[in-house]
A.B. asks: 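Sharing a structure here in structure tokens format.
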Amino acid sequence: MQKEYRSVSEIVGPLMLVEHVEGVTFGELAEIELKDGSIRRGRVLEINRDKALVQIFEGTSGLNVNESKVRFLGHGIELPVSMDMLGRVFDGLGRPRDNGPKIIPEFRRDINGLPLNPYARNYPSEFIQTGVSTIDGLNTLVRGQKLPIFSGSGLPHNRLAAQIARQAKVLGAESKFAIVFAAMGITFEEADFFISDFRKTGSIDRSVLFMNLADDPAIERIATPRMALTAAEYLAYDKGMHVLVIMTDMTNYAEALREISAARKEVPGRRGYPGYLYTDLATLYERAGRIRGVEGSITQIPILTMPEDDKTHPIPDLTGYITEGQIILSRSLHRKGIYPPVDVLPSLSRLKDKGIGKDKTREDHADVLNQLYAGYARGKEAKELAAILGEAALSDSDKLFAHFADEFESRYVKQGENEDRSILDTLTIGWELLALLPRNELKRVRDEYLEKYLPLEEE
């Protein structure tokens with residue numbers, strides 16, 4: 001029989017202080033019974049001798065200090081997991097929101113996961129094809145990697161997330177590939193877009209969706225990514241699947257963390273975010289990877305909107321430290337009508353060299369990547385020079401590279417929202433663009449590859 005406490009002494013924002021408790025532990029779940037018999041759930045946030053600070057998931061409006069009863073359940077937040085989760089839509093706390101039946105669990109898993117022994121990790125090395133040229137060709141995603149997308153308010157990151165979810169595959173292992181999608185603090189319209197897109201394209205059959213809406217409690221938003229990662233760990237490490245986890249929007253998650261921190265009267269860090277923001281984000285991002293002797297893997301694409309497009313803001317800044325690169329979306333490309341507006345030059349995948357080359361993509365991939373990047377960088381410089389001094393100041397070579405930069409944006413970066421390019425398609429477009437430049441300018445491509453691939457494009 002669980003003990004029932006009527007010793008609630010204070011309620012502030014989403015927090016409730018319960019006194020004279022015994023044997024209660026950090027992270028433990030609590031049930032709060034209101035005067036009318038309805039139940040709300042909460043989680044122990046802090047223990048100080050015989051006092052427990054509880055955060056309430058559904059909010060504290062209507063709670064009465066004198067008439068509320070509190071029961072501690074003896075375990076943390078758990079997610080019931082089974083293969084029946086595939087094809088389903090849940091709310092931020094793992095409850096079905098698609099009018100389907102409850103999940104009959106194979107296991108119940110603590111959403112905070114278990115620490116992973118660093119020695120047990122396997123190095124990411126297998127190419128994941130997203131069908132998006134700017135990612136596959138230049139900032140390659142590797143199985144087990146965490147590669148965030150840095151976006152801005154009003155940019156089409158949600159459309160890009162849906163496209164990657166539809167198209168992503170590990171070559172040669174399509175049947176064992178799954179998507180876990182976590183949305184935090186999104187609007188009803190955005191949630192409807194994701195759910196209908198997944199259903200319309202059939203990709204929902206291999207997906208698990210967790211949806212936390214903007215009007216849902218902030219505390220639920222903190223649990224949402226952990227729910228998603230717990231489901232991903234079950235599919236990857238218990239069922240041997242290759243799982244891609246897409247989390248949007250991490251900025252909303254960090255804002256919820258700041259809100260709870262302020263309610264606890266903690267000393268704020270940079271820009272009002274709690275001092276443990278780095279540690280908290282790391283507990284999410286580091287749940288990606290491969291484990292020795294286990295067939296499955298977890299690859300992460302967290303998406304965040306940079307406040308005021310500021311890369312030095314704490315959220316993108318700390319995310320960049322923890323993850324292995326970043327894909328940056330450009331407002332200027334978006335204004336030009338280019339989708340996806342990926343800004344190639346500041347984007348980076350630190351593990352791309354491990355996932356490309358012979359037997360993974362193609363032998364010429366690294367050389368084509370380097371030459372396209374160098375050509376585009378030089379073309380952008382030439383265009384900036386022309387904007388200051390006028391086109392007459394450009395040499396013939398500069399004009400050629402400026403034209404190359406325009407063609408690169410319109411043919412390589414720009415692609416349709418439903419256009420799924422294979423890596424061979426992407427490399428072919430790359431060679432067609434390199435054919436626009438004089439052969440003596442292609443200094444980053446080995447002669448044997450020029451002989452093998454370039455003449456075919458020139459004929």
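Throughout, residue positions are numbered sequentially from 1 according to the sequence presented.
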A.B. asks: Write out all pairs satisfying salt bridge (Lys or Arg N to Asp or Glu O under 4.0 Å) with one or both partners inside residues 246-256, taking only residues at least two apart or from two chains.
C.D. replies: Glu255-Arg258
A.B. asks: Would you please test Phe408 and His403 for ring-ring contact (aromatic ring centres under 6.0 Å, His included) and show each step?
C.D. replies: CA-CA 9 Å; Phe408 178 82; His403 172 65; over 10 Å; no
A.B. asks: Identify whether NZ of Lys or CZ of Arg in Arg206 sits under 6.0 Å from the centre of the six-membered ring of Phe177 and within 45° of that ring's axis.
C.D. replies: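 Geometry flag: not set, cation outside 6.0 Å or 45°.
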A.B. asks: Is Asp91 salt-bridged to Arg97, going by a charged N under 4.0 Å from an acidic O?
C.D. replies: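 A salt bridge is absent here (no side-chain N lies under 4.0 Å from a carboxylate O).
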A.B. asks: Check this for me: does any side-chain nitrogen of one of Glu441 and Arg439 sit under 4.0 Å from a carboxylate oxygen of the other?
C.D. replies: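 Salt bridge: no.
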A.B. asks: Give every residue pair that meets the salt bridge (Lys or Arg N to Asp or Glu O under 4.0 Å) criterion with at least one member in residues 295-305, sequence neighbours excluded.
C.D. replies: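 Listed by first then second residue: Lys176-Glu295.
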A.B. asks: Checking ring-ring contact (aromatic ring centres under 6.0 Å, His included) for the pair Phe194/Phe181: CA distance, chi angles, key distance, verdict?
C.D. replies: CA-CA 9 Å; Phe194 283 123; Phe181 191 92; 4.5 Å; yes
A.B. asks: Verify the distance criterion only: is there a donor paired with an acceptor across the side chains of Glu220 and Asn212 at less than 3.5 Å?
C.D. replies: yes
A.B. asks: Got a second to check how far Leu400's CG is from Leu436's CG, nearest 0.5 Å?
C.D. replies: 7.5 Å
A.B. asks: Thinking salt bridges, do Arg166 and Asp197 make one under a 4.0 Å N-O criterion?
C.D. replies: yes
A.B. asks: Could you tell me whether Lys336 and Glu409 have a side-chain N and a carboxylate O separated by less than 4.0 Å?
C.D. replies: yes
A.B. asks: Between Asp310 and Arg271, does any NZ, NE, NH1 or NH2 come within less than 4.0 Å of an OD or OE carboxylate oxygen?
C.D. replies: yes
A.B. asks: I'd like to know if Glu126 and Lys354 make a salt bridge, using a cut-off of under 4.0 Å between side-chain N and carboxylate O.
C.D. replies: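 Looking at Glu126 and Lys354, the cut-off is not met.
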A.B. asks: Answer yes or no for Arg109 and Phe107: cation-pi contact, defined as NZ/CZ to six-membered ring centre under 6.0 Å and angle to ring axis within 45°.
C.D. replies: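 So Arg109 does make the cation-pi contact.
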A.B. asks: How would you list, by chain and number, every residue that makes a side-chain contact (heavy atoms from CB on, under 4.5 Å) with Gln145, sequence neighbours excluded?
C.D. replies: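 For Gln145 the side-chain contact (heavy atoms from CB on, under 4.5 Å) partners, ignoring immediate neighbours, are Leu141, Val142, Leu147, Glu324, Ser349, Leu351.
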A.B. asks: Is Asp406 salt-bridged to Lys383, going by a charged N under 4.0 Å from an acidic O?
C.D. replies: yes
A.B. asks: Can a cation-pi geometry be assigned to Arg159 and Phe193, taking NZ or CZ under 6.0 Å from the six-membered ring centre and within 45° of the ring axis?
C.D. replies: no
